[in-house]
There are 2 protein chains.
Amino acid sequence: MSYSSLKSIAKKLQISESTVSRALNDYKDISKTTKELVNETVLKMGYQPNVFARRLASGNAECLGFIIPWRDGQLNDPFLGELMAGMTSALNIKGWDLKVLVAKSLEEEMQLFKKLSVSKSVSGLIISRTLWNDKRFKLLKDLKIPFVAHGRSKSCDDSAWLDIDNEAAFYDMTNHFISLGHKKIAHIGGPSIYNFSIQREVGWRKALLEKGLSVSSKYFQVAELSFEGGMKAMNELLKLKSPPTSVCCVSDTVAVGAMQSLRNHNIYPGKEISLIGYDGLALGAWMEPQLSTMEHSLQSVGRKLAEMLIKLVEGRKKPTELQKLFSASILRRSTDNPPMAE
Amino acid sequence: MSYSSLKSIAKKLQISESTVSRALNDYKDISKTTKELVNETVLKMGYQPNVFARRLASGNAECLGFIIPWRDGQLNDPFLGELMAGMTSALNIKGWDLKVLVAKSLEEEMQLFKKLSVSKSVSGLIISRTLWNDKRFKLLKDLKIPFVAHGRSKSCDDSAWLDIDNEAAFYDMTNHFISLGHKKIAHIGGPSIYNFSIQREVGWRKALLEKGLSVSSKYFQVAELSFEGGMKAMNELLKLKSPPTSVCCVSDTVAVGAMQSLRNHNIYPGKEISLIGYDGLALGAWMEPQLSTMEHSLQSVGRKLAEMLIKLVEGRKKPTELQKLFSASILRRSTDNPPMAE
DNA sequence: ATCTTTAACGAAATCGCTTTCGGAGTCAAC
DNA sequence: GTTGACTCCGAAAGCGATTTCGTTAAAGAT
């Protein structure tokens with residue numbers, strides 16, 4: 001068992017190496033019987049092709065690069081594991097690798113792209129945290145590196161992307177508040193450099209407009225995507241003469257910060273003021289009260305991202321054919337309730 | 001710039017390919033002047049060797065495999081990013097890759113090892129979440145796959161490992177409570193299959209013994225490593241006639257669960273009952289009150305793990321020379337305070 | 001002046017697989 | 001019986017490095 005190469009199974013079957021190789025790669029000029037024969041003995045001998053030889057010969061790195069999403073130099077994304085697990089599940093089928101890359105800023109990331117484009121050590125890239133005006137799209141196109149973006153951008157119509165329908169999520173979230181009887185619905189949004197910040201705001205705005213509710217700019221706060229950001233934003237909302245009765249938060253982290261602000265003001269989240277976060281983080285359930293949120297399957301997202309990129313690399317699809325919208329659904333816990341009687 | 005190979009820079013310099021190769025790899029039978037010349041033009045031409053060709057020829061995969069730590073099939077480790085960032089920072093220097101692997105159970109992981117040992121697609125592995133009696137150590141040794149364990153095991157004296165000094169951490173934590181004036185100090189530990197669970201319990205026990213405090217088995221609870229686990233364990237402690245005034249928690253997650261239990265019993269964490277967690281999670285600071293904890297640098301751990309494994313793979317060190325103990329230090333937030341007067 | 005070292009380099013095999021190209025058969029058609 | 005189409009397979013040239021082995025020329029020893 002120790003070790004086996006193409007040559008060894010060619011010798012065993014008394015056929016040429018090239019026939020074995022083509023049989024394994026399912027070429028159409030190999031008879032069905034030989035293919036079966038080859039596959040049998042390959043299984044029996046426990047043969048696994050040398051990936052480096054294959055990659056060298058075929059010119060395909062068979063490797064997807066995933067740049068870990070950075071956030072102000074911090075890399076503590078709780079859903080990284082799920083996402084990568086989803087990716088590898090798709091890659092394992094093809095025997096491809098997932099290579100982890102790290103960049104601590106946009107500049108560093110773009111520098112990395114250039115390196116990768118000459119070393120050709122990855123077949124394609126998955127990028128995250130897309131900006132509204134994201135220079136990476138053009139750069140990757142210029143470098144001719146196939147890629148799928150996790151999230152959209154201002155102009156990404158000709159690229160491959162997978163996104164959550166942020167607009168729909170916040171449209172639904174806002175309508176949920178409306179159906180609970182809320183009329184004063186605020187939004188704590190993220191920095192507008194991020195594409196998702198804008199989409200989420202649009203969803204919130206759209207729902208309010210449709211129902212004829214006021215869309216006061218006072219009910220819209222921009223926050224850093226952090227606990228502190230959420231806290232500060234909520235502080236501002238509480239300064240209003242007529243504070244909102246419910247708040248749509250751009251992320252769970254921000255929502256948790258907002259909850260802290262409420263506590264500091266002796267306001268119980270979900271009673272005087274309702275709020276819903278976004279991301280479906282488990283830690284939301286560890287809060288008192290438990291944070292309601294919008295969730296979606298990260299494993300599915302990861303798997304789909306990888307599948308799309310594989311198709312792109314293999315040329316089976318064009319970027320424009322690879323655009324997929326997932327949707328988030330509300331996870332009711334304890335912070336979304338009807339408004340209190342005034 | 002487009003593309004350059006060994007051949008192209010050999011031609012440019014009018015020397016042979018093999019000389020160029022040996023110059024780049026710093027062979028001693030190449031003159032200093034040629035080496036400088038080669039390095040210059042390599043830089044000038046932006047040459048990057050084809051990693052697959054090199055890996056094929058040299059037989060070194062130049063790739064470390066990291067198995068994402070699973071936890072009851074869940075993969076939501078918040079420090080994954082930091083850890084991997086540390087690893088890649090060490091790997092980048094050598095031009096090696098970090099390959100992410102996923103296994104959802106111990107069996108699946110061991111199956112994966114066998115596959116990797118025949119495919120030889122990684123030069124070494126980093127394993128996590130070591131058990132007290134961990135079969136992986138023997139298996140990897142038998143398969144002759146170089147590896148470094150993140151965490152120790154019952155018998156790991158002849159393997160490479162990097163661990164946090166769990167015993168010292170909990171010894172310090174317990175002594176910290178003692179110095180604050182506590183006498184009734186409980187411990188919520190993890191399942192005893194994990195090596196760290198045992199070490200942490202030992203540290204707690206040792207501190208109590210040294211100061212002549214009672215080590216009642218009632219003050220020791222085993223919990224699942226989850227929010228619910230922590231909550232249940234604390235519930236048990238509160239049933240005691242004489243509940244503890246402070247609790248050493250095996251992890252932040254468990255500690256947060258314990259806090260919830262306290263709240264359910266109308267006990268304010270850090271007043272009637274103090275508690276300290278472990279892991280240094282950011283979310284601890286999002287709690288009310290903020291959870292005190294033990295922290296250490298995950299980036300350093302990641303980097304060191306990778307460095308150790310590289311040395312091991314290159315044969316520069318033996319496993320027994322690669323055993324490193326990091327230490328955690330207390331991060332005081334708001335849940336560690338002197339006991340209240342009775 | 002001859003012999004042995006030593007330093008520095010080139011030639012060529014090798015790593016294990018992919019892929020193009022061409023050749024050998026078989027069969028039907030004219 | 002020649003032609004053509006089709007099926008199936010082998011030979012051989014890569015892919016882009018590494019590494020062993022041998023060679024040359026200069027330096028040092030006797």
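In this text, all values refer to a predicted model and were calculated from it rather than measured experimentally. Throughout, protein chains are lettered first and strands after them, A, B, ... in sequence-line order, and every chain is numbered starting at 1. Below, all heavy atoms of this structure are taken into account, side chains as well, without hydrogens, waters or symmetry copies.
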- Query: Taking it one step at a time, do B:T19 and B:S16 satisfy side-chain hydrogen bond (donor to acceptor under 3.5 Å, both in side chains)?
  - Reply: CA-CA 5 Å; B:T19 302; B:S16 80; 2.9 Å; yes

- Integer-rounded Å distance: D:dG14 P and B:L56 CG: 17 Å

- Name all residues meeting the side chain to side chain contact (heavy atoms under 4.5 Å, CB included) criterion together with A:A90; count only those two or more places apart in sequence or in a different chain, and write none if there are none. A:R303, A:A306, A:E307

- B:K11: what forms a salt bridge (Lys or Arg N to Asp or Glu O under 4.0 Å) with it, not counting sequence neighbours? none

- Message: Please list all pairs meeting side-chain hydrogen bond (donor to acceptor under 3.5 Å, both in side chains) that have one or both residues in residues 57-68 of chain A, counting only residues at least two apart or in different chains.
- Response: A:R54-A:E62, A:R55-A:E62, A:N60-A:S123

- Query: First contact, last contact: which nucleotides of DNA chain C are these for chain A, 5' to 3', heavy-atom distance under 4.0 Å?
  - Reply: C:dG16 to C:dT20

- Just grab all the ring pair (Phe, Tyr, Trp, His ring centres under 6.0 Å) pairs involving residues 105-158 of chain B, residues at least two apart or on different chains. B:F137-B:F147

- For A:K94, side-chain hydrogen bond (donor to acceptor under 3.5 Å, both in side chains) partners two or more places apart: A:E314

- Item | Axial bend angle, the helix from C:dA1-D:dT30 to C:dC30-D:dG1: five-pair end segments, nearest 10° | 60°

- Note on the structure: The salt bridge (charged side-chain N to carboxylate O under 4.0 Å, His left out) partner of A:D163 among A:R152, A:K304, A:K324 is A:R152

Measure all distances between protein nitrogen or oxygen atoms and nitrogen or oxygen atoms of nucleotides 8-12 of chain D, and list the pairs falling under 3.5 Å.
| residue | atom | partner | partner atom | Å |
| --- | --- | --- | --- | --- |
| D:dC9 | OP1 | A:T34 | OG1 | 3.3 |
| D:dC9 | OP2 | A:S31 | N | 3.0 |
| D:dC9 | OP2 | A:S31 | OG | 3.2 |
| D:dC9 | OP2 | A:T34 | OG1 | 2.8 |
| D:dC9 | N4 | A:D29 | OD2 | 2.8 |
| D:dG10 | OP2 | A:S16 | N | 3.1 |
| D:dG10 | OP2 | A:S16 | OG | 3.0 |
| D:dG10 | OP2 | A:T19 | OG1 | 2.3 |
| D:dG10 | N7 | A:S18 | OG | 3.4 |
| D:dG10 | O6 | A:R22 | NH1 | 3.0 |
| D:dG10 | O6 | A:R22 | NH2 | 3.1 |
| D:dA11 | N6 | A:S18 | OG | 3.2 |

- A:I30 to A:T34 - nearest heavy-atom pair and separation: CG2-OG1, 3.7 Å

- Query: Which residue, B:A53 or B:Y27, contacts DNA chain D at a nucleotide closer to its 5' end, judged by nearest heavy atom?
  - Reply: B:A53

- Quick one: B:N25 CG to D:dT20 C1', roughly how many Å, whole number? 15 Å

- Item | Partner residues of B:D142 under the side-chain hydrogen bond (donor to acceptor under 3.5 Å, both in side chains) criterion, sequence neighbours left out | B:K138

- Message: How many whole angstroms separate atom CZ of B:F52 from atom C1' of D:dC15?
- Response: 12 Å

- Does some side-chain heavy atom of A:K99 sit less than 4.5 Å from a side-chain heavy atom of B:L98? no

- Query: Roughly, in whole Å, what's the span from CZ in A:R54 to C1' in D:dC15?
  - Reply: 14 Å

- Item | Spacing between B:E62 atom CD and D:dA17 atom C1', to the nearest angstrom | 11 Å

- Only counting residues at least two apart or in another chain, list the ones meeting side-chain hydrogen bond (donor to acceptor under 3.5 Å, both in side chains) with A:K141. A:D158

- Query: Quick one: is B:Y47 getting a side-chain N or O under 4.0 Å of the D:dA17 phosphate, OP1 or OP2?
  - Reply: yes

- Message: At 4.0 Å (heavy atoms only), tell me whether B:S21 reaches a base, stays on the sugar-phosphate, or touches nothing.
- Response: base

- Task: Could you tell me which residues satisfy side chain to side chain contact (heavy atoms under 4.5 Å, CB included) with A:S155, sequence neighbours excluded, listed by chain and number?
- Result: none

Please list each protein N or O that sits under 3.5 Å from an N or O in nucleotides 24-26 of chain D, with the distance.
none

- Message: To check you understand the geometry: which heavy-atom pair defines the closest contact between A:K28 and A:K35, and what is its length?
- Response: CA-NZ, 4.4 Å

